[in-house]
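Down below is the structure, laid out as C-alpha cells.
Only a predicted model underlies this, so the values are computations on that prediction, with no experimental measurement involved. All heavy atoms count here, side chains included; hydrogens, waters and symmetry mates do not.
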Amino acid sequence: MALDVRVATSMAEAAGILAADQRTRLLSGGTLVMRDVNEGRFLDGTLLRLTDPAYRQINASGARVELGAGATMAMVLANRDLAFLHPVARAVGGPAIRQMATIGGNLFAETPYGDFAVALLALDAQVMVQSGYGSARAIAIEEFLNARERGGAGLVTAVQFAKPQNAADFRFRKISRVKPKGISVMSIAAHLPNSGSRITQARVAYGAMAPTPVRARGVERALEGKPLDAASVQAAKAAALEGTRPATDAIATEWYRREVMPVHLGRLLAGEGR
C-alpha cells in the first residue's frame, strides 16, 4: 500500500483526475483527509492538491456572494463583507483549524461537524460541482447534501448565495459543551427576511439533528407570513422536531438533542443571548 501525491493547476484538470480514479481524494485544507490518513483509513491511493487561484477566491462585495471551495474559515473572518457569517466561521474549531478548514471541506464533514454547511443551507446556497473536464453545474445545497449521503460527489469548485439584505435577518447558534470550539451538540441557522414586519421565505436549518444538515420545514411553515413575536416563536418551537433524526454519539444522546432543540430554537428566534 502506498499514497501518491499529484498536483493539478486548474479546476478542470483536478475534476478530470478525480473522475478518472475513485482512489483519488482532493487534499484541500486537510482537516478531514489527513485525519483519515493519520488514522489509517486512507493508505492506498492518491492525494490531489489543487493550486488554481480561483479555487480560493471570495467575491462578496455585491448582492450575490461566491466563495471558492478552497477559501478557509480564516479568509471568511478577514472579509468585512461577510460579517454576518463571522459567528459561523468562528464556531469552526480553534484558530489553527480555521486557518486550514475550507468551505468545500465543511460540506463533506460528517455529523456532528459541518456547522458552516448548516449556515449555507439556511442561505439557500447553490453548490458548484464539476464532474470531469466540462463546466461546473449548480446544484441546490439540499440536493447536494442528500447526494452526499448516498455517496454522490465531484469536484466542488464554489458555493453561491444571495447576501441577506439585512444582516440581522440571518441568525446562527451553535450549542457545544466546550466553548467556543467544541463539537456541536447541535447548531441552528435561520434566514428570516421580512416584508412589512412579516417573515417571507423563512429558511431554518439544523446541524447534528440528522445524518446531514437538514431544513426545519415545520418551523419554516410556522413562521411564514407571521410577525416574529411570542406567538410565532411558540408555534415554531412546537414544530421544532419535525423531520429530525438525531443520533446518540459521544457528545449527546438522541433524547437530549430532542429535549433541548426547541429551547435553543426559541432563544434564537427571540434574539436572546446564549
Side-chain angles (χ1 to χ4, degrees), residues 1-56 67-76 89 91-118 120-121 127-133 136 139 141 143-159 181-184 187 207-208 210-213 247-251:
M1 294 186 295
L3 274 177
D4 189 19
V5 178
R6 294 184 64 177
V7 177
T9 57
S10 72
M11 288 192 275
E13 181 186 4
I17 292 171
L18 288 169
D21 185 358
Q22 294 187 348
R23 295 185 312 151
T24 298
R25 292 184 64 179
L26 183 70
L27 179 62
S28 191
T31 57
L32 300 177
V33 172
M34 291 312 298
R35 182 186 62 185
D36 286 349
V37 172
N38 293 332
E39 295 180 358
R41 290 189 292 272
F42 185 65
L43 296 174
D44 184 17
T46 299
L47 293 174
L48 178 64
R49 290 190 62 239
L50 175 54
T51 60
D52 189 336
Y55 185 60
R56 291 168 59 88
L67 306 177
T72 65
M73 300 298 153
M75 292 169 67
V76 172
V92 178
I97 292 294
R98 293 196 287 270
Q99 290 290 333
M100 301 298 295
T102 61
I103 305 299
N106 203 268
L107 292 171
F108 292 93
E110 295 179 357
T111 190
Y113 303 95
D115 299 312
F116 204 91
V118 177
L120 293 174
L121 183 56
V127 182
M128 305 304 295
V129 178
Q130 191 161 344
S131 301
Y133 286 93
I139 302 176
I141 186 170
E143 179 184 344
F144 174 86
L145 292 170
N146 289 334
R148 187 195 79 173
E149 191 177 11
R150 297 192 300 268
L155 173 65
V156 175
T157 61
V159 294
K181 63 180 181 180
I183 302 167
S184 281
S187 55
T212 62
T248 294
D249 55 30
I251 308 303

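A pairwise comparison of heavy atoms in A109 and G114 identifies CB-N, 3.7 Å as the closest pair. When all heavy atoms of S131 and G154 are compared, the pair lying nearest together is OG-CA, 4.3 Å. Closest approach of V33 to L26, counting heavy atoms only: CG2-O, 3.4 Å. Listed here is the closest heavy atom pair of I183 and P112: CG2-CG, 3.4 Å. In this structure, L155 and A15 approach most closely via the heavy-atom pair CD2-N, 3.8 Å. Closest non-hydrogen pair, R25 versus D36, comes out as NH1-OD2, 3.0 Å.
Within the structure, salt bridge (charged side-chain N to carboxylate O under 4.0 Å, His left out) pairs that include any residue of residues 100-117 comprise D115-K174 (at least two apart or interchain).
Under the 4.5 Å side-chain criterion, counting only non-hydrogen atoms from C-beta, V76 is not in contact with R98. Two residues are said to be in side-chain contact when any heavy atoms from C-beta on lie closer than 4.5 Å; R56 and T102 fail this criterion. Proximity of T24 to R6: side-chain heavy atoms (C-beta onward) are nowhere separated by under 4.5 Å. In this structure, T72 and Q99 have side chains that are not in contact, with every pair of non-hydrogen atoms separated by 4.5 Å or more. Looking at V159 and F116, their side chains never come closer than 4.5 Å, going by heavy atoms from C-beta outward. Between L3 and F42, the closest side-chain pair of non-hydrogen atoms falls below 4.5 Å.
When the shell of 6.0 Å around CZ of R49 is examined, it contains 12 or fewer heavy atoms from other residues, nucleotides or ligands.
In this structure, the separation between CD1 on I103 and CE on M75 is 9.0 Å, given to the nearest 0.5 Å. Between atom OG1 of residue T157 and atom CG of residue D52 there is a gap of 10.0 Å, rounded to the nearest 0.5 Å. Between atom OG of residue S28 and atom CG of residue L107 there is a gap of 10.5 Å, rounded to the nearest 0.5 Å. How far CE of M11 is from CG of L50: 7.0 Å, rounded to the nearest 0.5 Å. Between the CG atom in N106 and the CG atom in L67 there is a gap of 11.5 Å [rounded to 0.5 Å].
Evaluated for a side chain to side chain contact (heavy atoms under 4.5 Å, CB included) with F144, the options L120, V156, T212 yield exactly one hit, V156.
One N or O on the side chain of E13 and one on the backbone of T9 form a donor-acceptor pair closer than 3.5 Å.
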